[in-house]
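Since the structure comes first, as structure tokens, the remarks are kept for the end.
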Amino acid sequence: MNTPLWEARADLLVVGTGVAGLTAALRARELGLRVLVVTKAAGEDGNTRWAQGGVAVVLPGEHDADSAADTIELHVRDTLVAGAGLCEEAAVEAIIAGGPAAVTRLRERGAVFDAAPTGGLARTREGGHSAFRVVHAGGDATGAEVERALLAAATDGRVPVLENHVAVDAVRTPLGQVCGLLVLDGNGVPGVLGAPAVLLASGGLGQLYQATSNPEVATGDGLALALRAGAVAADVEFVQFHPTVLYTGRGARGRCPLVTEAVRGEGAVLVDATGARVMRGVHPLEDLAPRDVVAAAITRHMAGGPGGVDDHVFLDATGISDFARRFPTVHAACLAAGVDPAGEPIPVAPAAHFACGGVVSDVDGRTSVTGLYAAGEVARTGLHGANRLASNSLLEGLVVGTRAAEAVAADLALGVLAKPSASAAVHLPTAPVAARDSLQRVMSRYAAIGRDAEGLAVVGSVLDLSTVDRTLDSRELVEDAALTVAARALIAAAAEREESRGCHVRTDFTERDDVRWQRSQVVRLNPSGQPVLADPAVARGVA
């Protein structure tokens with residue numbers, strides 16, 4: 001049935017229950033807005049709880065001896081270096097400068113971070129950071145603590161969360177303004193949620209690939225919804241592969257256990273089957289190089305370096321005496337896989353981890369479509385550029401989530417948003433859908449680390465041959481349609497970018513080209529619903 005069977009109203013609809021979404025919902029509630037949070041699964045099933053390393057932030061008054069010389073300016077510099085020339089410097093400065101206040105608010109909402117023996121907060125260092133500035137919780141369970149605190153605060157603050165409802169499409173006025181969402185409940189019954197503002201905080205797209213650190217809900221739904229609503233995306237070719245995901249055997253599928261980068265920050269090193277150091281001579285920071293450098297080096301080593309194993313290397317953490325206490329989550333995952341980190345190296349391999357690009361938005365969450373906002377991994381604020389600096393993601397969600405709620409309140413007060421009653425007729429959309437298994441196989445084979453023109457063309461051909469137009473009347477079809485459009489957007493941008501930069505590695509264009517390619521590529525949908533590259537000028541009014 002295409003006609004929605006039920007309706008509800010709010011001032012702000014938030015899609016997603018991760019750090020960005022819940023932070024925005026709580027701030028909007030504080031500002032007096034009627035808020036409704038929508039999630040396609042349970043409230044705790046987002047990607048935030050899987051984040052291990054921590055929050056990268058410079059906190060005045062909380063420094064210990066190892067981080068006393070750290071500054072916001074140094075954090076900005078490290079972020080710009082990791083982003084390989086594609087960060088928006090003003091966005092980087094604004095988000096990182098907002099970090100201390102955002103983390104303070106999070107602690108006021110109940111989040112508890114690990115304390116240092118000498119007082120203040122314990123800190124670690126991760127790849128690409130020039131200082132010990134990453135604060136953490138539960139050793140390596142920072143995301144779980146952040147999610148726990150925010151969900152508890154939402155419950156205490158009476159922020160309603162509508163679980164098991166997947167957002168299908170934006171409801172728009174005849175002028176194209178967003179004024180609500182078309183959703184499906186757990187039984188596939190359609191309904192309309194009306195609101196003058198919709199904030200997408202739905203996470204990333206790790207399920208494009210066979211092996212990922214992401215949970216099964218990370219299917220790019222928000223990116224697809226935004227593109228269908230007329231928004232633009234950028235930097236979608238830059239998908240960060242985490243260098244050290246626990247290797248559990250050939251052909252691993254779905255979410256694989258993460259081995260946090262903080263393990264290397266505490267002294268672990270990457271080695272091959274002979275014990276030779278993988279990162280020696282590759283980068284001045286060796287094992288603490290930025291993630292794109294480490295993931296690419298591991299991939300090259302697996303492909304034919306001396307002592308390489310064709311599908312994994314090893315992380316030697318035997319020198320970390322208190323591994324089980326410092327990294328209880330990783331320790332438990334290793335033991336479950338039959339590996340004792342205290343006495344043997346941990347087998348690891350890169351896996352899809354974080355989308356550096358997404359829906360183009362400014363640091364206040366505003367997109368190019370009136371009434372549509374984006375925050376967190378689904379958004380491209382300009383913070384990450386071509387490669388995310390470790391532990392900047394939770395920071396971004398906290399800062400931009402807060403700013404987006406404040407932007408919605410300001411836009412409502414100014415009367416620039418549409419009234420829900422002005423919506424056009426609502427019907428379940430039809431979209432191209434590819435079989436997920438074949439999509440994941442070709443994306444993993446031809447569009448992961450190490451791409452070339454021939455392989456990207458293969459992905460395009462497989463998608464063209466395997467897609468069928470379907471009415472999006474179930475959660476599975478919504479997700480598969482989102483993965484299909486995300487894959488097409490990614491390969492269009494990756495094929496055009498004839499260079500290697502950040503986490504976009506071309507084997508047929510191995511060098512970085514700042515003359516032609518030190519710019520972002522913008523993607524939109526053409527009238528037939530296909531992702532195409534657009535003039536970057538269409539995004540300049542947003543970011």
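Please read all numbers here as calculations on a predicted model, not as lab measurements.
Comment: Arg488 engages Asp464 in a salt bridge, judged by a side-chain N to carboxylate O separation of less than 4.0 angstrom. At a threshold of 4.0 Å, the pair Asp514-Arg501 counts as salt-bridged, since one of the basic side-chain nitrogens sits closer than that to a carboxylate oxygen. Remark: Glu88 engages Arg380 in a salt bridge, criterion side-chain N to carboxylate O under 4.0 Å. Salt bridge present: Glu261 and Arg291 bring a charged side-chain N and a carboxylate O closer than 4.0 Å. In summary, Arg148 and Glu145 engage in a salt bridge, as defined by a charged side-chain N under 4.0 Å from a carboxylate O. Looking at Asp480 and Arg470, no side-chain N of the basic residue comes within less than 4.0 Å of a carboxylate O on the acidic one, giving no salt bridge.
Expressed to the nearest 0.5 Å, how far OG1 of Thr39 lies from CG of Leu22 amounts to 9.0 Å. Here the CG-CG distance, from Leu223 to Leu200, works out to 9.5 Å after rounding to the nearest 0.5 Å. Rounding to the nearest 0.5 Å gives a distance of 8.5 Å between OG of Ser474 and CD of Glu479.
For residues 79-100, there are no ring pair (Phe, Tyr, Trp, His ring centres under 6.0 Å) pairs, not counting sequence neighbours.
For Val462, the side chain to side chain contact (heavy atoms under 4.5 Å, CB included) partners two or more places apart in sequence, or in a different chain, are Val442, Val458, Ser466.
Side-chain rings of His384 and Phe354 approach one another, their centers coming within less than 6.0 Å.
If you run side-chain hydrogen bond (donor to acceptor under 3.5 Å, both in side chains) between Thr219 and each of Lys40, Glu476, Arg475, only Lys40 comes through. Among Asp78, Leu80, Thr79, the single residue meeting the side chain to side chain contact (heavy atoms under 4.5 Å, CB included) criterion with Val76 is Leu80. For the pairing with Leu181, the side chain to side chain contact (heavy atoms under 4.5 Å, CB included) check across Val166, Leu36, Leu225, Asp169 returns one residue only, Leu225.
Side-chain contact check for Asp364 versus Glu406: every heavy-atom pair is 4.5 Å or farther apart.
In this structure, Gln518 places its CD atom where more than 12 heavy-atom neighbours from other residues, nucleotides or ligands lie under 6.0 Å away.
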